[in-house]
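Okay, structure first, notes after.
Every number for a ligand or one of its atoms is a count from 1 in the order of the listing. Computed from heavy atoms alone, side chains included, the values below leave out hydrogens, waters and symmetry copies.
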Amino acid sequence: MTTPGPATRIIHNRRHQDQHGSPYSPVYNTTTYRFENTQALLDVIGKRTEGNLYTRWGTNPTIQELEQGLAGLENAEAGLAFASGMAAISATLLAHGRKGIVCVGDLYGGTQEFLINHCQALGISVTFLFREQQNELAEHLNAPGKLVYFETPANPNMRLLDIGKLSEVAHQHGALVAVDNTFASPINQKPLELGADLALHSASKYLGGHSDITAGALMTSQQLAEPVAAWRKNLGQLLAPETAALLSRSLRTLPVRIRQHNENALAVARAMEKHPKVTKVHYPGLSSFDDHELATQQMTGFGGMLSIDVTGGREAAANVADNLKVFLLATSLGGVESLVSQPCATSHYGLSQQEREQRGIGEGMLRLSVGLEDAEDIIADLQQALA
Ligand SMILES: *Cc1c(COP(=O)(O)O)cnc(C)c1O
């Protein structure tokens, strides 16, 4: 048999055959594990036999099965599951960013806050480069062992960074590369295959897919996973087995959900491009988009996220958001339901207008997380609200 595809693999991801014949594993809601005798316990502690000791350490069958599935999604050696996207990001930055972190382009607000308020306070050097300064990356990698960190597509302007090109520069200078792959999802983009060393996800978004669980993930090599797992263990960032089981269930429909998110978002983007009250549509799948060519090279689908600039500025955009009925006015993204948010009033509220403009975020911008409702209904909703 040829190597099975991602949908086949994730649906049949299991570590053990269930003794009762269930196609899926039971949920191991346990913090600890009992032993027959002291020798058996010592054998596990001494790593002479395989076994579980304590769930926070990451040794829980439900969580390990999830991690095997996560790794498979990006063809990685190792997957680590976390209690949130920020848990995955913070543990990774602490484990691999000690010699300095160089960020390129726009970052998720929580990540930026962690870098400024915590990493810098701990004495870690953190450099932020605008995407326009990406050619200066090499100059900032003047000592080996640094970590290059970025997101692509970025929030909310959807601008892309070339994972292969930046990874090549980083590796020439002895740096590692971590990419936040949340917006694209593993179905549309595989950073590790493009040259990155660590791929991160807020699993609260597409991986979970139903806006009902908070979780995070890291896909990487066995060697790079180990120090991150040590931080996760000691910071206590593991997710609950029940949440892990829910996430495993969500992953079985990830390939088909993402296909539909891609299709719906492209239909919405095309309809919005023609709308007289929309001055610009930011979507990697449109040939009019600045980074479309790069998108066709490094993405296999263009995702469910897009932004539109509406005429009339801040108030007009707020009005559109308030009049939408299918879209829910909420932050977050990646769920089955369509969500709308106005970046200048939510994710980028804390920035000055000038700082927002520098990032291509206008007052009239609306960010859309296109869900899995019927595309005609999503488009009709936008049209009535814009009218
Ligand atoms: C939501 C998000 C995060 C943070 O994830 P949490 O699960 O909320 O901790 C990180 N990066 C990106 C791009 C996100 O959208």
Asp180 touching ligand 1 at heavy-atom level, < 4.0 angstrom
yes

I'd like to check which ligand 1 atoms, numbered from 1 as shown, lie under 4.0 Å from a non-hydrogen atom of Ser84.
7 (O), 9 (O)

Looking only at heavy atoms of Ile89, does any of them come nearer than 4.0 Å to an atom of ligand 1?
yes

Measure centre to centre between the rings of Phe302 and His292, then say whether the value is under 6.0 Å.
yes

Student check: side-chain heavy atoms of Phe128 and Leu107 closer than 4.5 Å:
yes

So the atoms of ligand 1 within less than 4.0 Å of a heavy atom of Ala215 turn out to be 7 (O)

Within the structure, does Phe183 bring an N/O atom to less than 3.5 angstrom of an N/O atom in ligand 1?
no

Any idea which part of Ala87 is under 4.0 Å from ligand 1, heavy-atom wise: side chain, backbone, both or neither?
neither

Could you establish whether Ser332 and ligand 1 come within less than 4.0 Å of each other, counting only heavy atoms on the residue side?
no

Do Arg232 and Glu67 sit within salt-bridge range, that is, some charged N less than 4.0 Å from a carboxylate O?
yes

May I ask you to list the residues sharing a hydrophobic cluster with Leu339, side-chain cutoff 4.5 Å, ordered by chain and number?
Leu328

Under a 4.5 Å cut-off applied to non-hydrogen side-chain atoms, are Asn181 and Glu74 in contact?
yes

Identify the protein heavy atom lying closest to atom 9 (O) of ligand 1, giving its residue, its atom name and the separation to 0.1 Å.
Met86 N, 2.8 Å

Is the closest side-chain heavy-atom distance between Arg159 and Phe289 below 4.5 Å?
yes

What is the nearest protein non-hydrogen atom to atom 4 (C) of ligand 1, stated with its residue, atom name and distance?
Tyr108 CE2, 3.3 Å

Ser202, any N or O under 3.5 Å of ligand 1 N or O
yes

Just checking, Arg356 and Tyr349: is the charged tip under 6.0 Å from the six-membered ring centre and within 45° of the axis?
no

When distances are taken from atom 7 (O) of ligand 1, the protein heavy atom at minimum range is Ser204 OG, 2.6 Å

Nearest to atom 15 (O) of ligand 1, what protein heavy atom do you find, and at what distance?
Lys205 NZ, 2.8 Å

Just wondering, do Leu137 and Leu166 contact through their side chains at under 4.5 Å, heavy atoms?
yes

